[in-house]
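One structure is given here, and the rest of the page talks about it.
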Amino acid sequence: MGDEKLKQELLYMVKLTSKYDLSNMEVVESILRLENERVILGSVFGKRFKSRIFDIAAGTETDKKCVICGQPAENQIICNHCMETIGDSAYAKNIIKIKEDESGEEKKKLRINLKGYLQGIITVCLIVILFIQIWILALWHSIPDYNPMEEPRDSAYDVTPVASQEEAYKQLVLDFPEEEGYTVTFQRIDSEYVGRFNLEPGECCLEVEEKLSDEERYDYFFTEEVYIFHISYLEDHTGKFGMAEINADGEIIILGSFNDGRRTDSFYKFR
C-alpha cells in the first residue's frame, strides 16, 4: 500500500473516531456499509479499526489498546497521541488547504461566469432534471429485475432444546461457523415475543403481526426469556450484520442481512 493511500486511511480513521459515537451499533453499521462500497480501510490498521468499532458497539470486551500504535487508548480505539499527531500533521493541513483553495477558485470562476451564462445554466439544469426524473421512473419500474424477491434462508439443522448460553451458542455456530468467517457474540438474556417463534420457517414477523386481531395479539406478544446474539461477517468487500434470538426449545429467529434479498429490518423464523 502506498504512503499516500495509508495517510489518507489513517486520517479517515481519526476523523471517524473524533466525529461519531462509535458505541452506537447503528452508527457503526452505517460506517461499515459505506466501507463495503468505497473500500477505504484496506491496511492492517484499517482492518483492526473495523473490528474494534464493531466489538465496542456490540459490547464485546477489548484490550483497549490503540489500533495504530498499540499504546493504551482512552477511547479504546485510537490514543490521544496518534489522534493529535495525525490530525495536526502536515498531510492533514495540506488536505484542508487544498480543499479551501479549490473551493475559493471555484467560487471565483462562478462569479466571473454567472452573469453571462445564468440563463443557459438554468436551461441545462431543467433539462438535466427532466432526464433524471425519466431515469428514476424507468429505474423504479425495473427494480424487480435488479433485486428480485428471494426465499429467505432456513437452517439445515433440527431444533434442539438449549438450557444455557453455551448450548445456545453451539447451536447458532452450526449455521454461522467461525471457519467460514462469521463472528457470533453473546449479548444478553431478555424477554421477547413468544409468538415469533410460532412462525413457519421463512415467515416474516412484521407481515404476520400486521394481520393479528386484538385477541391474537394478546397471546402473540406474551413474552419469554431468550438468548440474544450478534452475528457479523467481515471480508475485504463483504459485510453482513444481524441478530439472532434462541428460545429454550432451540428455535431461532434472525434479523439483519442474512435473509438473502428479503427485508433486513424484520425478524424471520430461521429454525
Side-chain angles (χ1 to χ4, degrees), residues 12-68 70 72-79 153 155 162 164-193 196 205 225-247 252-259 263-268 270-271:
Y12 179 58
M13 290 160 55
V14 167
K15 288 181 177 180
L16 289 178
T17 304
S18 61
K19 187 175 181 180
Y20 297 104
D21 177 10
L22 299 181
S23 65
N24 186 317
M25 179 59 78
E26 292 182 0
V27 173
V28 170
E29 288 183 351
S30 297
I31 291 172
L32 294 177
R33 278 196 297 270
L34 180 62
E35 168 62 16
N36 288 334
E37 298 173 3
R38 299 174 60 188
V39 193
I40 296 176
L41 302 173
S43 70
V44 63
F45 305 113
K47 292 177 180 178
R48 290 179 191 167
F49 179 81
K50 288 189 288 185
S51 178
R52 180 66 59 81
I53 63 175
F54 183 81
D55 286 344
I56 291 174
T60 303
E61 185 68 24
T62 69
D63 59 13
K64 301 182 181 180
K65 293 182 180 179
C66 177
V67 298
I68 298 175
E74 293 79 357
N75 57 21
Q76 303 185 50
I77 304 172
I78 301 177
C79 68
R153 179 180 170 189
S155 173
V162 299
S164 66
Q165 168 192 330
E166 291 74 18
E167 292 181 3
Y169 174 83
K170 289 179 180 178
Q171 287 300 309
L172 196 56
V173 295
L174 291 175
D175 290 291
F176 304 100
E178 182 178 350
E179 57 268 21
E180 293 184 11
Y182 292 97
T183 300
V184 179
T185 308
F186 175 72
Q187 290 302 298
R188 65 187 186 278
I189 297 176
D190 207 340
S191 295
E192 293 294 340
Y193 304 134
R196 288 179 176 171
C205 67
E225 286 193 341
V226 297
Y227 301 95
I228 300 178
F229 295 82
H230 274 295
I231 309 174
S232 64
Y233 177 88
L234 291 176
E235 291 295 338
D236 290 340
H237 303 290
T238 304
K240 294 183 179 181
F241 309 94
M243 186 169 71
E245 297 183 2
I246 308 178
N247 65 8
I252 301 174
I253 54 177
I254 61 172
L255 170 91
S257 52
F258 300 102
N259 292 323
R263 293 183 58 132
T264 61
D265 60 350
S266 298
F267 279 102
Y268 281 78
F270 186 64
R271 188 197 299 182

Subject >> Closest non-hydrogen atom pair, Val67 against Arg48 >> reply: O-NH1, 3.1 Å
Original post:
Roughly how far, to the nearest 0.5 Å, is the NZ atom of Lys170 from the CG atom of Leu174?
Top reply: 10.5 Å
Original post:
Between CG of Asp175 and CD of Glu180, what distance do you get to the nearest 0.5 Å?
Top reply: 10.0 Å
Subject >> Side chain Ser30, main chain Glu26, donor-acceptor under 3.5 Å >> reply: yes
**OP:** Give, for atom CG of Leu16 and atom CD1 of Ile77, the distance between the pair rounded to the nearest 0.5 Å.
**Re:** 9.5 Å
Original post:
So, are Asp63 and Lys65 salt-bridged, with charged N and O less than 4.0 Å apart?
Top reply: no
**OP:** With side chain to side chain contact (heavy atoms under 4.5 Å, CB included) as the test, would you mind laying out the steps for Met25 and Phe54 before giving the verdict?
**Re:** CA-CA 7 Å; Met25 179 59 78; Phe54 183 81; 3.9 Å; yes
Original post:
Are any of the side-chain heavy atoms of Leu32 and Lys50 separated by less than 4.5 Å?
Top reply: yes
Original post:
Hey, does Gln165 have a side-chain heavy atom less than 4.5 Å from the side chain of Ile189?
Top reply: no
Original post:
For the side chain of Arg52 and the backbone of Gln76, is there at least one donor-acceptor N/O pair under 3.5 Å apart?
Top reply: yes
**OP:** Mark yes or no for whether Gln187, through its side chain, and Ala58, through its backbone, hold a donor-acceptor pair below 3.5 Å.
**Re:** yes
Subject >> Backbone N/O of Gln171 and side chain of Arg271: donor-acceptor pair under 3.5 Å >> reply: yes
Original post:
If only atom types and distance count, is the side chain of Arg196 paired as donor or acceptor with the main-chain N or O of Cys205 below 3.5 Å?
Top reply: no
**OP:** Kindly say whether Phe241 contributes a backbone atom to a donor-acceptor pair with the side chain of Glu29 at under 3.5 angstrom?
**Re:** no
Original post:
Heavy atoms, side chains only, cut-off 4.5 Å: are Thr183 and Thr60 in contact?
Top reply: no
Subject >> Geometric class of the Phe176/Tyr182 ring pair [parallel <30°, tilted 30-60°, perpendicular >60°] >> reply: perpendicular
Subject >> Closest contact, heavy atoms only, Asp190 versus Ile228 >> reply: CB-CD1, 3.6 Å
Original post:
Taking the six-membered ring for Trp, is the centroid-to-centroid distance between Phe49 and Tyr12 below 6.0 Å?
Top reply: no
**OP:** Locate the shortest heavy-atom distance separating Cys79 from Ala73; write the atom from each residue and the value.
**Re:** N-CB, 3.6 Å
Subject >> Closest heavy-atom pair and its distance - Ile56, Asn75 >> reply: CD1-O, 4.2 Å
Subject >> Minimum heavy-atom distance between Ile53 and Val28, given as atom pair plus value >> reply: O-CG2, 3.7 Å
Original post:
Roughly how far, to the nearest 0.5 Å, is CG of Leu41 from CG of Asn36?
Top reply: 10.5 Å
Subject >> Phe186 and Tyr227 aromatic ring geometry - parallel, tilted or perpendicular at 30°/60° bounds >> reply: tilted
Subject >> Closest non-hydrogen atom pair, Met243 against Phe267 >> reply: CE-CZ, 3.4 Å
